Amino acid sequence: MEEKKPLEVLYHSTRGMGEPVKASQAILKGLAEDGGLFVPDHVPALDRSLGELAEMDYGQTAYEVMKLFLTDFTREELEDCIGKAYDAKFDTKELTPLVEAGGVWYLELFHGPTIAFKDMALSILPHLMLTAARKNQSQEEIVILTATSGDTGKAALAGFAGVEGTKIIVFYPKSGVSPIQERQMVTQKGENTLVVGIHGNFDDAQTGVKKIFSDRKLGGEMEAAGLRFSSANSINIGRLVPQIVYYVHAYGKLLRKGRITEGEPINVVVPTGNFGNILAAYYAKKMGLPIGKLICASNENRVLYDFLRTGTYDRRREFVLTSSPSMDILVSSNLERLVYHIGGEDGPGTRALMEALSGRGCYDITEGMRAELSDFYGGYASQEETAAEIDRLYREWGYVVDTHTAVASAVYRKYLQDTGDRGAAVVASTASPFKFTRSVMGALSEKAAGTGESSDCERDFALADELSRLSGVKVPQAVEEIRTAPVVHCRECDVAQMEKVVREFLGI
């Protein structure tokens, strides 16, 4: 029987300007020309029953989800991309294991080559992008330009290093990532790679990258040189769509295990700073996946918590360096997509809010928009609560989690206290504890206490060995391979020099 072709999905800017584009064009562009983010003109409904999805492996689930959003890709093209992405580079047969601890399901998304959840999308993005380039007869070399708060950088580097027809430039906050995260990036091989530490925080890096993207003079020079920018951040729809898959697959696994009944809602808990991972769960719910509450977990940079509570987004606050650095963000780029959806898909209205954010540093949504946030629950965990949760999970259940997962777990406990909602819950476990050994071991043992802000990697490798003995889990290959790897990238710059660094690397 011939497969029914899904209804075409086109993408347009959250800020309302420009013509709609096909999925492949949105992936190639990364960011809309008016500075907005590409959003689908409708969220397609799942066209397989939950029972059917429960019988599928990860690759099959990925196809069923992605075919609905990436409608100008053929079945053969999607299956080729999926097959190349989700292979032996993952260290477990089940790519995203569900581990139960204390009646809560932890969805381990960190079994890829860089031991963070970003691998789930960044393993496939290079293949989607190169396929998109072929589909659009693009002869230009693709330049991936991205800012990272720690994990996107290495995952993107691993995906694009050595890929013909691409270059990749990663900016990260020099003092705002863990020693292991930094070591992973600065040891990256590949003639087409550049890693630069900036003197500033992640928001500075992200703002600088967006400014470079929107520089029309530079864009013209790029075009003349046969180059085009694209993004590996979750602002790229080709990065966001693959993240929907693991929520759908997790539901299917719980159904297959008999832990839920078909149609029974689950609550999803996501530690998030840039809002992409929880936005993927929001899209999964809009597709028809039975999700009850979307529980948004913040660390002490609680800008999302305050927004969900008050309807005011205000970045004018102290930036806090925490033990969960991938969430140390005050400008959550992907929130723009949610604001667009809850605001009645009003492009000019969204643009006005984003201009207020970049101008005066804050914006307020309407009461009607606030009512549309009922799917969400916001919470945050302090540094002390995060450490206590790591310790509690190990003492009570023998389960070791990283700092970001601990934030989510601590917030979920607050949700239970506030609501008494004991429905099935899935916590997105976004990174391996071996990526943040100093903070994790500090929570488990006072003699190893520390925040993970030092650049002394040798101590972190020793702590990784200690953590392995404690947890009974082998030190991941991603950590082993950087113990003795030479540092390749030593470049640092001020925020104002970012464009100059890009020009030098590209020779324009």
Side-chain angles (χ1 to χ4, degrees), residues 58 85-99 106-125 148-161 170 172 177-189 195 232 234 239 242-243 246 270-273 276-277 323-327 390 393 399-409 427-441 443 452 457 460-485:
Y58 196 88
Y86 304 122
D87 58 11
K89 67 173 74 71
F90 288 81
D91 64 15
T92 47
K93 184 177 179 182
E94 173 57 67
L95 269 62
T96 56
L98 273 171
V99 177
Y106 291 82
L107 178 62
E108 294 188 345
L109 300 171
F110 53 77
H111 289 281
T114 74
I115 55 177
F117 81 99
K118 310 294 176 72
D119 288 323
M120 300 309 302
L122 285 165
S123 290
I124 195 169
L125 181 60
T148 183
S149 54
D151 288 334
T152 288
K154 176 57 183 179
L157 288 161
F160 283 94
V170 172
Y172 74 96
V177 299
S178 80
I180 295 290
Q181 284 178 312
E182 182 174 47
R183 187 67 170 257
Q184 282 187 305
M185 288 188 282
V186 298
T187 56
Q188 177 65 54
K189 297 177 183 177
V195 179
S234 52
R239 159 78 188 277
Q243 293 181 250
Y246 44 73
V270 186
T272 188
N277 204 5
S323 61
S324 46
S326 297
M327 298 162 65
I390 292 171
L393 283 170
Y399 186 52
V400 180
V401 299
D402 87 298
T403 46
H404 303 75
T405 306
V407 167
S409 191
V427 173
S429 185
T430 54
S432 166
F434 288 93
K435 206 157 192 172
F436 304 95
T437 50
R438 200 170 303 186
S439 297
V440 171
M441 291 301 294
C457 257
D460 288 75
F461 291 131
L463 289 171
D465 293 332
E466 189 178 342
L467 178 59
S468 177
R469 288 190 293 271
L470 195 68
S471 65
V473 176
K474 186 179 176 183
V475 177
Q477 181 60 28
V479 174
E480 291 289 5
E481 67 188 16
I482 61 171
R483 282 184 193 259
T484 56

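Since we're looking at a predicted model, the values are computed, not measured.
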### Query
Who are the side-chain hydrogen bond (donor to acceptor under 3.5 Å, both in side chains) partners of Thr272, not counting sequence neighbours?
none

### Message
Could you check whether Thr405 and Ser429, counting side-chain N and O atoms only, form a donor-acceptor pair closer than 3.5 Å?
### Response
yes

### Task
Taking all heavy atoms of Leu122 and all of Ala155, pick out the closest pair and write down the distance.
CD1-CB, 3.4 Å

#### Entry: Minimum heavy-atom distance Ser178-Pro325, with the two atoms named
N-CG, 4.2 Å

## Note on the structure
Separation between CG (Leu107) and OG1 (Thr430), nearest 0.5 Å, reads 10.5 Å

#### Entry: Closest non-hydrogen atom pair, Met185 against Gly153
SD-CA, 4.0 Å

#### Entry: Thr403 side-chain N/O to Ser323 backbone N/O, donor-acceptor pair under 3.5 Å
yes

### Task
Report the residues that fulfil salt bridge (charged side-chain N to carboxylate O under 4.0 Å, His left out) with Lys189, sequence neighbours left out, ordered by chain and then residue number.
none

### Message
Using modelled atom types and a 3.5 Å cut-off, is there a donor and acceptor pairing between side-chain atoms of Arg183 and backbone atoms of Arg483?
### Response
yes

### Any residue meeting salt bridge (charged side-chain N to carboxylate O under 4.0 Å, His left out) with Glu481, in chain and number order, not counting sequence neighbours
none

### Task
Return the minimal non-hydrogen interatomic distance between Gly150 and Ser326, and the atom names on each side.
CA-OG, 4.3 Å

### Query
Atom CZ in Arg239, atom CD1 in Ile124: separation rounded to 0.5 Å?
13.0 Å

### Side-chain touch Lys474/Phe434, heavy atoms, less than 4.5 angstrom
no

### Message
Which label fits Tyr86 and Tyr58: parallel for a plane angle under 30°, tilted from 30 to 60°, or perpendicular past 60°?
### Response
perpendicular

### Message
Rounded to the nearest 0.5 Å, what separates atom CZ in Phe461 from atom OG1 in Thr437?
### Response
8.5 Å

### Query
Sub-3.5 Å donor-acceptor pair from the side chain of His404 to the main-chain atoms of Ala431, do we have one?
no

### Task
Tell me yes or no: between the side chains of Gln181 and Lys154, is some donor less than 3.5 Å from an acceptor?
no

### Message
Determine whether Phe160 and Val170 satisfy the following criterion, side chain to side chain contact (heavy atoms under 4.5 Å, CB included), listing intermediate values before the conclusion.
### Response
CA-CA 11 Å; Phe160 283 94; Val170 172; over 6 Å; no

### Task
Work out which heavy atom in Ser149 is nearest to a heavy atom in Val177; give both atom names and the distance.
O-CG1, 3.8 Å

### Message
With rounding to the nearest 0.5 angstrom, report the OG1 to CG distance, Thr96 to Asp119.
### Response
12.5 Å

### Query
So do Val440 and Leu467 actually touch side chain to side chain, heavy atoms under 4.5 Å?
yes

### Query
Taking atom CD1 of Ile482 and atom CD1 of Ile180, what is their separation to the nearest 0.5 Å?
4.5 Å

### Message
For a 4.5 angstrom cut-off between non-hydrogen side-chain atoms, does Asp91 reach Gln477?
### Response
no

### Task
For residues Val401 and Ile390, determine if any side-chain heavy atom of one lies less than 4.5 Å from a side-chain heavy atom of the other.
yes

## Note on the structure
Shortest non-hydrogen pair, Pro476 vs Ser432, comes out as CG-OG, 4.1 Å

### Task
Would you give the length of the straight line joining atom CZ of Phe110 to atom CG of Asp402, rounded to the nearest 0.5 angstrom?
7.5 Å

### Task
Would you sort out whether Leu470 and Val400 count as a side chain to side chain contact (heavy atoms under 4.5 Å, CB included), showing the intermediate values?
CA-CA 9 Å; Leu470 195 68; Val400 180; 5.6 Å; no

### Task
Let me know which of Asp151, Thr148, Thr152 forms a side-chain hydrogen bond (donor to acceptor under 3.5 Å, both in side chains) with Lys118.
Thr152

